[in-house]
Amino acid sequence: MKKIVLFFALLALCNLNAQKRPKLVIGIVVDQMKMEYLYRFQDDFSANGFKRLMNDGYVFSNTHFNYMPTYTGPGHASIYTGTTPSVHGIVGNDWFNRSTGKDIYCTEDENVKTIGDGDSKEGEMSPKNLQSTTITDELKLATNFKGKVIGLSLKDRGAILPAGHFANWAFWYSKTGSFISSTFYGSKLPEWVTTFNNEKHYATYLNQNWNLLKPIETYNESLPDDNPYEGKLYGAKTPTFPYNLKVMYEKNDAGVLRSTPFGNNILADFAMKAIESEALGKDDITDFLTISFSSTDYVGHVLGPRSIELQDTYLRLDQTLAELLNYLDKNVGKDNYLLFLTADHAGAENVSYLKDNKYNVKNISPKDIVANLKKFSNETYGTDLILNYSNFNLFFDKGKMKTSNLELTKIKSDFKSYLMQQDYVKRVYTEEEILASTGNDFYLNFINKGYDVTQNGDLVILDKPGFIEYPSTGTSHGTPYSYDTHVPLIFYGWNIPKGETADRKVITEIAPTLSQKLKIPFTNGTEAEVLLEILDIK
């Protein structure tokens, strides 16, 4: 009898241990990071940053976004909701909404006010436009709102969308150099945030030059420092080192820090202060901290993926990650935190660079696209039927159609035929084709998952591979092609085995995998496909 009682006691203890959760979950998003950077720059990384995560964690080396458009707002929303814009409703960073006829910014909220920065509109933000729950929301619900959730980023959308609807706080960087929030989260900033802001950490970074971290010979994975494919930072005469940040700041504002690697540094400083001040990971109720490093995106847009500036930004981010991991080890405990690192999208090669190397592609001006569409409309129908073109979506003016007695079906057909004659267009899909998608058309399936029938356009245009709707310097993103969809995904820490797989995975598998790992409900919009490789399921 005693043996039976002992057996069931041990069984209960095993079940209790199986239910155990980490003390802290850290979600890291590196804005505009290509998986390829982990390989291209690996010889120059330290042993304690990216390499530590790759060597001691589980690497999913073939992870992709599974929808279009691949932008920052939809990216962060999709990572944390485990679903796509067709469900969670964040169909761009900003977009024209067909239902309201108005432009929308993904986190705008006129019903809240800025806290921490006076009357600035930078803080009039909330997650109200996000239609699905996030993994952070589900953790709040599962812990009866006892677990803390805090979101941090240089960008408002990078802080707000991951933190979800029930977050304790989301903080983002202001052009004044302070971290701010909105009245959605509270009536005033916590004292530790005010103290951090009063210490003016941004000034420490801006009162210096941005010099190379390592000798110039180290950067042989990049193009020469001065090349025609790079834009210029804040009035710099040339895209070359060193950059005088103090002069840039004096001519602009503290927002210039975002476009340097030191934007990532100040965010990490703030993250460590948040862990300390909010006592994250200090009890047995799981907390969740989301961190989105945005400087990589700002530098990438202006200077491009082959610039020494971008490589230097990643080498410095590697050091920042090493510092953060060391801090977590000491203050939360090596076995007490679960961390994942991914990106909200990747990025294209600079078109001029490809063209100069004999690839027949080009950059297209969105203004020229709109002008040509309006010209076609006037020549064909005697009126301008173009209501809006943005995020690859074309909207027609239904009011003018009704007045002119024009049929929408024919208009769509005519514009589709016209667009298919343009040298930059691969395919054009109508609303009806998108909604009837069977999954047999690979790229149509991407568009279907990024399309919200209440918000998106009458036609969606797919540019040809390598073409980009962006100026001739720097780079951008947004397409369903692998250069925009292929991002890193690494899990590390609590109950994560070492390993790697090259099996194709999609970004919407992160949130439901965390649900299974933490043994909490799935986010309400997810298809619940999970990453079995890191689950305790054989």
Side-chain angles (χ1 to χ4, degrees), residues 65-71 74 85-86 91-92 95-96 98 345-355 358-381 384-397 406 408-453 455-472 475-485:
F65 280 85
N66 54 345
Y67 62 84
M68 171 181 147
T70 41
Y71 294 139
S86 62
V91 296
W95 62 90
F96 181 81
R98 67 191 283 178
H345 52 75
E349 292 284 356
N350 175 267
V351 173
S352 298
Y353 175 62
L354 296 178
K355 189 162 54 176
K358 301 182 180 180
Y359 186 6
N360 186 25
V361 293
K362 69 178 183 180
N363 57 290
I364 319 111
S365 164
K367 288 184 179 180
D368 289 344
I369 293 174
V370 172
N372 290 331
L373 287 168
K374 288 178 177 289
K375 181 181 178 183
F376 172 77
S377 182
N378 280 309
E379 290 177 349
T380 307
Y381 309 107
D384 176 10
L385 298 175
I386 308 304
L387 187 60
N388 183 274
Y389 175 73
S390 54
N391 299 334
F392 310 103
N393 281 248
L394 179 58
F395 299 80
F396 294 120
D397 190 328
L406 295 169
L408 180 58
T409 302
K410 185 176 188 315
I411 300 297
K412 290 180 181 179
S413 177
D414 289 346
F415 271 89
K416 181 174 181 178
S417 297
Y418 163 76
L419 284 163
M420 287 301 298
Q421 297 172 33
Q422 309 310 304
D423 61 357
Y424 65 92
V425 174
K426 181 69 175 176
R427 293 290 299 272
V428 180
Y429 298 101
T430 66
E431 174 187 350
E432 292 76 15
E433 290 170 328
I434 294 167
L435 297 179
S437 171
T438 62
N440 295 326
D441 183 326
F442 184 71
Y443 292 117
L444 177 55
N445 191 42
F446 273 70
I447 292 170
N448 172 274
K449 288 182 178 296
Y451 189 90
D452 181 347
V453 68
Q455 301 190 94
N456 284 98
D458 299 295
L459 298 178
V460 176
I461 300 168
L462 176 62
D463 295 340
K464 289 178 180 176
F467 286 69
I468 187 171
E469 296 183 19
Y470 201 70
S472 59
T475 193
S476 193
H477 45 85
T479 77
Y481 298 120
S482 62
Y483 50 77
D484 284 340
T485 67

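When reading the values below, keep in mind they use all heavy atoms of this one structure, side chains included, and skip hydrogens, waters and symmetry mates. Here the structure is a predicted model, which is why all the values come from computation and not from measurement.
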* Evaluate the side-chain contact (heavy atoms from CB on, under 4.5 Å) criterion for residues Thr409 and Ile411: first the C-alpha distance (whole Å), next the side-chain angles of each, then the deciding distance (0.1 Å), finally the verdict. => CA-CA 5 Å; Thr409 302; Ile411 300 297; over 6 Å; no

* With side-chain contact (heavy atoms from CB on, under 4.5 Å) as the test, would you mind laying out the steps for Ile461 and Leu419 before giving the verdict? => CA-CA 8 Å; Ile461 300 168; Leu419 284 163; 3.7 Å; yes

* Does the pair Tyr67 and Ile447 meet the rule for a side-chain contact (heavy atoms from CB on, under 4.5 Å), with working shown? -> CA-CA 6 Å; Tyr67 62 84; Ile447 292 170; over 6 Å; no

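Listed by chain and number, the residues in a side-chain contact (heavy atoms from CB on, under 4.5 Å) with Asn445 are Ser437, Lys449 (sequence neighbours excluded). For the ring-ring contact (aromatic ring centres under 6.0 Å, His included) test, residues two or more places apart in sequence or in another chain that qualify with Tyr443 are Tyr481.
Contact annotation: the side chain of Glu469 never approaches that of Asn363 to less than 4.5 Å [non-hydrogen atoms, C-beta and beyond]. Inter-residue side-chain proximity for Phe467 and Leu354 is flagged as unmet; no heavy-atom pair is nearer than 4.5 Å. When side chains are defined from C-beta on, Phe446 counts as touching Thr485, because their heavy atoms get closer than 4.5 Å. Side-chain contact between Asp484 and Phe65 is absent, with no heavy atoms from C-beta onward closer than 4.5 Å. The shortest distance between side-chain heavy atoms of Lys412 and Asp458 falls below 4.5 Å.
Distance check: Gln422 CD to Asn372 CG gives 6.5 Å after rounding to the nearest 0.5 Å. Here the OG-CG distance, from Ser377 to Asp384, works out to 5.5 Å after rounding to the nearest 0.5 Å. Annotation: the span from Ile364 atom CD1 to Ile468 atom CD1 amounts to 8.5 Å, rounded to 0.5 Å. The distance from atom CG of Leu394 to atom OG1 of Thr430, rounded to the nearest 0.5 Å, is 12.0 Å. Rounded to the nearest 0.5 Å, atoms OG (Ser86) and CD1 (Ile434) are 11.0 Å apart. Between atom CE of residue Met68 and atom CG of residue Asn448 there is a gap of 12.5 Å, rounded to the nearest 0.5 Å.
Side-chain contact annotation: Asn393 with Asn456, donor-acceptor N/O pair under 3.5 Å present. Asp414 and Tyr381 share a side-chain donor-acceptor pair at under 3.5 Å. A donor-acceptor contact under 3.5 angstrom links the side chains of Asp441 and Tyr429, judged on distance only.
Remark: side-chain polar atoms of Thr70 are paired, donor with acceptor, to backbone N or O of Thr479 under 3.5 angstrom. Put simply, the side chain of Tyr359 never gets that close to the backbone of Val351: no donor and acceptor are under 3.5 Å apart. In this structure a side-chain-to-backbone donor-acceptor pair under 3.5 Å is present from Ser352 to Ser472.
Between Arg427 and Glu433 there is no salt bridge, since no side-chain nitrogen of the basic residue lies less than 4.0 Å from a carboxylate oxygen of the acidic one. For the pair Glu431 and Arg98, the salt-bridge criterion is met [side-chain N within less than 4.0 Å of a carboxylate O].
Taking all atoms of both residues into account, the shortest heavy-atom contact from Tyr389 to Phe392 is OH-CA, 3.6 Å. Heavy atoms only, all atoms of each residue included: Pro465 and Val361 are closest at O-CG1, 3.8 Å. In terms of heavy atoms, Tyr71 sits closest to His345 at C-CD2, 3.6 Å. Of all the heavy atoms in Pro74 and Val91, the pair that sits closest is CG-C, 4.0 Å. Between Asn391 and Trp95 the shortest heavy-atom distance is ND2-CB, 3.6 Å. Across Tyr353 and Asn350, no two heavy atoms sit closer than the pair N-OD1, 2.9 Å.
Between Phe395 and Phe96, the angle of the ring planes goes over 60°, which puts this pair in the perpendicular group of the 30/60° scheme. Under the 30°/60° scheme for interplanar angles, the aromatic rings of Phe415 and Phe376 are found to stand perpendicular.
Within 6.0 Å of CG on Asp423 lie more than 12 heavy atoms contributed by other residues, nucleotides or ligands.
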